[in-house]
Structure formats: C-alpha cells, structure tokens
Amino acid sequence: MSQSKPVTPQSHVVLVDGSGYIFRAFHALPPLTRKRDGLPIGAVAGFSNMLFKMLKDQKDESRPTHFAVIFDASGQTFRNDIYDLYKANRGEPPEDLVPQFPLTRDASRAFGAPAVEMTGFEADDLIATYARQAEALGARVTIISSDKDLMQLVSDRVSMLDPMKNKTIGPKEVEEKFGVSPDKVIDVQSLAGDSVDNVPGVPGIGVKTAALLLDQYGDLETLLERAGEIPQKGRREKLLEHADMARVSKKLVTLKCDVDVDPVLEDLGVTDPDVEQLFDFLEEMGFRTLTARVRQALGEGVTDGIRADDTKVEVASPATRDRYPNTVFDHTKYECVQSADRLAHWIARAFETGVVAVDLETDSLDSRAANMVGVCLAVEDNEACYVPLAHTGGGDLLGDGAPEQMDMDRALEMLAPLLHDASVLKVGQNFKYDLGVFKRYDLNPTPYDDTMLISYALHNGINGHGMDTLSETHFAHSPVPFKEIAGTGKNQKTFDQIGLEEATRYAAEDADVTLRLWKYLKPKLATSQVTRVYEAIDRDMPHVVAKMENEGIKVDRAELARLSSYFSQKMAGLEAEAHEIAEGPFNLGSPKQVGEILFDKMGLEGGKKTKTGAWQTGVDILEDLADNGEPLPRTILNWRQFSKLKSTYTDALQAQINPETERVHTSFSLAATTTGRLSSSDPNLQNIPIRTEEGRKIRDAFIAEAGHVLVAADYSQIELRLLAHMADLPTMKQAFADGVDIHALTASEMFGVKLADMTPDIRRQAKAINFGIIYGISAFGLAKNTGVDRGTAAEFIKTYFEKFPGIRAYMDATKAEAKERGYVSTLFGRKCHIAGIRERNPQRRAFAERQAINAPIQGTAADIMRRAMIKMPDAIASVEGARMLLQVHDELVFEVPEDRADALISTVKTTMEHAHEPAITLSVPIDVEAQAATNWNDAH
DNA sequence: GACATCACG
DNA sequence: GACGTACGTGATGTCG
C-alpha cells in the first residue's frame, strides 16, 4: 500500500476527488455492465481507467510522489449544523450507481492508492486540508476533479485536472470562470449561491454581478458593510436584506483546511501496487482491456529495466508468472528454419522444455483440401521458428520461384519422434484442424492440449476463443493479421505464395502466442475447477471429431439435382400464382416487397412492424393471414419453403461434395456454443430438413456406400429425463423408469385424462409444455406455440408447477445461483456463464434467466453426448468397417457394412446409454433408439 | 455487413 | 399497466 514519505518542494501530491468523479462518470459514460452477470460497473470502469492513466501516463517529472483518492463519508456533515437545508435538494443516488460506491473504493486500494474518507467531512474538506498542507511545504498539488467548489484552492502550486476533459485548471481558468482570482472565489460563491448544493447566497445576484461588486469593494465583508452605498436600488436592497444569508453561505462554501486528517499527508507516499491484488480486482470486474493494458505497462517496465541497467532480472515465480505473462513480442527473434541442422536444434529445445506449441501453415482453410506448407514450433516466449516446406513463391526479389527450404519428407521424418513422444506436450490452437492435416501425412501428434478448448472450458459465454481474440483479451496484443501478409480479395495469396520473411513473422508469432496462452490459461483450469470438464470431456474431442470430418457422408448428387429441378418447378408455379393474386410482379424473396404488397398494396389487417420499421412477414404473421382466408400468404409461404430447400440444401449441398472423396465433409465447431453443444458449418449438417414431407426428401440423398447402411442413434427425450433428475420430479422419474409415453403421462397428470383416453391433441399440448419448461417457460411463449390464449397458457403452467413440485424450486435455485455466481453448471461441472443475469432491464434479465434455466439441461445432455463420442472409437473398434460420421446434438450417425449393422446398433446403444457413467449417476434411465437403413431418411 | 427469415435439436 | 418473451445454432437472400 502507501508508505511514509516526507513532503518536500520536489514532491507532487495528487488528490483524486473520488465521489465527484464517480457521479460524473456515471452520467457521462455509457451504462456498462459486467458481461458475466450484468452488474453495473460503468463508473468503476471509468474510475479504474482514470487511476491507471494517472499512475502510468504521467511523465517522469509530473509522476506523483503522494497519491490518495478521497471520498465523501455517508451521513451528515458540520455544514448541516450551519444550514439544515445544505444539499437538501439532492435525491438518492441512482440505483445503478449505489453498488458501485464500494467497488470504487476497492478499485482505489487495488491500484495501491489509499481510499480516504472521514465521518462528518466532505471529500472537499479533506482535499483542502491535504492541499494546503502540501502547499505550505512547497510541494506541487494536483487535484483530480472538475468540481468548481474546489477552485478556491487553486494557486501557483495547486492546480486542478478535469479527468473527463483532460483539461488543466489553473489560476487563469478559474478567473475565466468566476471573473475573480482564486482567493476571491469563496466570496463570489457566497453571493451567487449554488442551486446544486442548495447554498442560498443572495437572491438576484449571480456570478457576474458578484464578481463586479467584489471588484469594486474588495471583499465580501467590506461589500456587506458598505452595501448601502450601492447605486442600483435592486442590488442594494437585496444585499442589505440578505447579508446574513451571504455570511451563512460563506461558511458553507469555505472548505475546511484544518481537518485532523487520517492518514496524515506524509503517509500518502506512492508505492507500486500489489500486482496480485490488482489483477484479482481487475479480473473480478471483468475489465479485460484494462487488465491487458496494465499487464503491458508492467511488462514494459520490466523490459526497460533489463535494458537500462543490463542486469538479469530474477525469474518470476510460477504464481506470479501466471498473473503476469510476458506480453512483449519480439519478432526479430523468430527464426526461419531452412536446414536439418537448425531443425534438429529446435526439436532438441522442445525435448528440453517438454512443451512445444505446434502450428501448421497450409494453403486452405479446409483441412481436407489443405496441403501442408510449413510447420511452426514455439518453445519459450519469443523463441519460435517457422519451417517452410512447400513454398512456391517468394524465392527471389520478384516473388517468383521456390525459395530454399527443407525437403518435406525429411523434415516430417525428423519431427515425427517429437510429435509422438509421450513426454513432450504438443500445444495447439484449434488443434482439430492441425490433427486433420497431420493425419493425411500419417502423423498423429500426442499428447496434446488445445488452448481454444481450455479457453472454452474457462470462459464460455464471456469471450470468444479464436486466437486473435484471446491474444487481444489476455495480452492486449493483436497478432499480425493474415490479410497483412496475404492481401485481400481475389488477389489474396495462399500461404505457399508468401515470402519466407513475411511467412515467418506471421506463423512463428501464432505459435508464440499459442504457447503463451497455454502458460497463462492452463493453470486457471484448476483454480476455476473445470479441469475435469477439459480433461475428461473436451480435450479428447479434437481427434475424434477430426476423424468424423475426414470420413464425411456420401450424398447422391443425382438425387439432389432431381430435387433441385423439382423445387424449381414448384417455385415457378407458385411465383406465377403470387404475381397473379397481387396483380403485378414482385420479388417473393424480398421480405420488404412482400410486406409492401400484403399490407400497403392489398391493405391486409394484422400487420406488425419490425424494430427497423419494415413490415414483419415471418411465418407466424403469414400463417395468421392464411387462416383468415387470404390466398396470397399461403402461396408465399409455400414458395419460401421450396426456395429454402433449394438454395440452402439441394443446390448448396451439391456444391459441397468433395471431388476427391465424393462425400460431404462438414466442420464441427467444438467451442461455438454457450452450453457445450457442437455446431456444424460449411455445410451445416445439423439442420437437414425432417419436419415436413417435402423437406425430408433431402434426407433420401444422404446414403451409405454400396453394401453398407447408415445407422442413426438418438437419445430419446434426454433433456426431459435430465430435467426429471435435476429437478427431482418423482412422478416423471417413475414414468421414465416404467417406459411410458412421457408426454401422455404429463397430459394425464395435468388434465386428469386417463392414459387410455388420451387424444393426440391433448398430448400435443402437454408436449409443448414439457418443451416450454426446458426453455424457461413463459405464458406468452407457450400460448404462441400451442395456439391457446395467454390466460389458458398461464393456467397450464400453474397446473404444471402444482403437479410437478420441484420444478419451481429448481428454477428459483438455478436463477439464484446464476445471479450470485454469474454462471450455472452442468452435472459434469461445465460452467455456462450467463451474460446479463444481473441486468436491471427486466426484459434482458428475464432472457438471461431463461438461459440460466435451460443451460444446465441442454449442457448436461451435450456433455453426455461428448462423452459418448469420445468413448465411441474404442467401442466400435470391434465392429469392423464401422465409422462414426455425424453428430446432431442428440443423434449420432454411423456407416457400417450391412451385415454388421446389428452388432453396431447394440454397441452404440450401450455406449451412449452409459456414457455418463461412472462420472455421474442418474435417477432416470437413459434410452437410445437406433435404426439402420440405406439412407438417412429411412434410418429414423 | 445488418437484417429477416427459416432449417435443425 | 405496458412491454416483449420460449433455449441453442448456421445459411441464405435482400438491401443499403
């Protein structure tokens, strides 16, 4: 904290008006909230930034020697004894500001600045006391404030700094504002009063008049004594009448300079902040940018130190290193490796350190199309190399011809022992990609860590997990952008065309960043208690999923082409029909034109506008119109369905067939969702149509090789089963144990209908309610989904809560947990951070609460699926020729020789149904349904 | 690049 | 009393 240090004429005392600052910051800055939970922290953020700036940016000669942040103590002050209405017109502070008061004090302490407050005194009095004392000792004083009440303190040695405008206020500026020198400011204020502080002053006299009068009569007392001499009648009478008010006002505005301050001035000596404590605070607040900046500032300080006195700096302890990563990147130390000798050196270094970041450079983002172009290794901060292996350009000054580089086979032969050595950990960022490429060169790096997945286990829902984001978030360092070395647009170079110098600068840095991320993030897994999630679930996903992606799935191109033309025909017919009804052509694909036709031209009722002011033409609206007997909306909806099916599926999928494998290879993202689910893209094979008959036809085109079948295995009602377990719903658990139709059971419980008398319609409503509960139900949402009115929906929910006590408790407990911790957890301990859970805006908070209710359920199901997937390669090894191809959240798709389908089904079913064991025990059975067929449609 | 829409679990 | 609402994704077409 601070230390005792004498105040001398060389001293610079900086006094921050903490209370004044936060009120101003609160109103001036955008209403920032902590991402994790919505806690309002705008003023604290502004305050922390300001403190950092004060302590860091000050040039050497103005760097503070003494520093304190001064706050108003709550409660009455001596001024209320003088004038009971003092500051009486102040309302309560804004609700969003209140929780920030204590946090601001925490911020002060975190930055090593004592937070001073004393009961009975305002911050201004304490500032005045310190300032006058320091001034008397010949020191310079800077008051960080824009409060005009403090301007009376300004002198040759005392100046003010407006922190928001970054404007210095000296005697000149004070005179501009008050029309008098700083020593007369009190007198001006006594006369003019202050509506903000409720200082009365003399009615009718403002700052201008006061300055004029004081100029003529010298000071307040003289003026009041000689008031009778004033020629202007109005001023004269006011002054005579309110002379006492002016005297009282003077007592109010005069700052007390003789407070018996604690701590004393000398004890405000500046020391370096406790780094550990500072980072704890910044992390707690979620100030990522500031954290990174502080780190960088500290980092620069260290390097400067090394260079300045050329002495070796003591190596930081592991604990300090974790908090205090090296964020200085020095590209000059990267090496381009062009010989076996040098490669051997780097491999030896990796064996020494036992940890090596590995990053591949290729000529394509698609790991199946990608050819290896080079390999990078990083073994220590700034100690990284790039090994070009297949560069075709950049060899000479014109950028033509292949440069000197190692023979690829030779290099890979040398690298293989390192990549496969059990004692050397390979670290990658999104290692699934690299694994996919390595695989095609018969390399299988192991063991490995993936910094993207470490970040995901730690911070899902808080920040992204791409390398650039992570580097910026944790190191305030933006890696060289790919565009910078490759260019953009159609002239963008592929990596093999980039010159070696540029390539090394970019590639080695990626490996360097990756290694540093690993050093920084890996230890946090343990402190955040997510080691098990990472090690027992996520870390094994890359090689399993890379394999699935490599397998791909066979798609019947001719079938898709047939469907495309079928959909085209349908669309053409519907388009003609629509134009005829609308009595004119328009673009059915333009929601804007559709809205204008329906609501402006045809004047249909029931139109709603989107937030951008356009007509809403979504399914719900058009369905309603169609139900009212309008023909056009139905036509448009039908056209849209075919348009969607054609453009998104039958056309796009044909284009996605890999010419080499003749199969479609999706890319699964392992770190995209907030719940632990995977996502699929390029193409997305997790949203292939199934709900409508026309759409399902697309699944006919997903087929098995000749002599093989597809096996689709689905978890049955897994989320509802998990809800029954987690919320402890005995009736529902029993139903699952008995294997009865769960939606029918729900309907029977709720509506008192016997299972034997169940109708499809009643069951459908119960099903919608079951889903609704999982989603964090609202009467509105349920009504919209079931078609009943809102009142009825509300009744349904009420009944549900009565019939399944436990639901209410689960929801309340989950919301409370989310609010308290900022995250909720799955049964396996995966944390799902809920942004906005402490938002004051009721809509946004309600949204966060629904996420909080859903996340443990969806997330636990996702965890179980991940575990099934990582167990699957071993499990199906006994079934020759069986391959796992796709995952669709609660479904796995396999391909297997026809005669082994039964064996596979039995193995897969067992593996999936017990995937959660032994990590957790469930009070409901898990059930998997699996079927084989030659195409994906029939496998359901 | 934002927005609206719609495909899936 | 009004407001806007089911949870999680990705791809496509318009339009500015």
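By convention in this document, chain letters (A, B, ...) are assigned in the order of the sequence lines, proteins followed by strands, and residues within each chain are numbered from 1. Only heavy atoms go into these numbers, but all of them, side chains included; no hydrogens, no water, no symmetry mates.
- Of the candidate nucleotides C:dT9, C:dT14, C:dT5, C:dT5 has the atom lying nearest to any side-chain atom of A:Arg790.
- The separation of C:dC3 from B:dC6, taken at their C1' atoms, amounts to 26 Å, rounded to a whole angstrom.
- Salt bridge A:Glu559/A:Arg562: present, at least one basic N to carboxylate O contact under 4.0 Å.
- The separation of B:dA7 from C:dG4, taken at their C1' atoms, amounts to 25 Å, rounded to a whole angstrom.
- Taken to the nearest 0.5 Å, the CD1 atom of A:Ile777 stands 11.0 Å off from the CZ atom of A:Arg850.
- Side chain of A:Gln641, nearest nucleotide from B:dA7, C:dT5, B:dC6: B:dA7.
- Of the candidate nucleotides C:dT9, C:dA11, C:dC7, C:dA11 has the atom nearest to the side chain of A:Ser681.
- Distance check on atom P: B:dC3 versus C:dT5 gives 15 Å, rounded to whole Å.
- At whole-Å resolution of the value, CD1 in A:Ile688 and C1' in C:dG10 are 11 Å apart.
- Side chain of A:Thr612, nearest nucleotide from B:dA4, C:dT9, C:dC15: B:dA4.
- Taking 3.5 Å as the limit, the base of C:dC15 and the side chain of A:Lys592 contain no donor-acceptor pair of atoms between them.
- Looking at the side chain of A:Pro591, the nearest of the listed nucleotides C:dG10, B:dT5, C:dG8 is B:dT5.
- Electrostatic pairing of A:Lys554 and A:Glu895 does not count as a salt bridge here, judged by no charged N lying under 4.0 Å from a carboxylate O.
- Salt-bridge annotation for A:Glu623 and A:Arg640: absent, with no side-chain N of the basic residue lying under 4.0 Å from a carboxylate O of the acidic one.
- Checked against C:dC15, C:dT12, C:dA11, the side chain of A:Asp682 finds its nearest nucleotide in C:dA11.
- Closest contact between the side chain of A:Asn687 and the listed nucleotides B:dA7, B:dG9, C:dA6 involves B:dA7.
- The side chain of A:Phe780 has C:dT5 as its nearest neighbour among B:dA4, C:dT5, C:dC7.
- Side chain of A:Lys644, nearest nucleotide from B:dC8, C:dA11, C:dC7: C:dA11.
- The listed nucleotides are C:dG13, B:dG9, C:dT9; the one nearest the side chain of A:Ser679 is C:dT9.
- Neither OP1 nor OP2 of C:dT5 sits under 4.0 Å from any side-chain N or O of A:Arg844.
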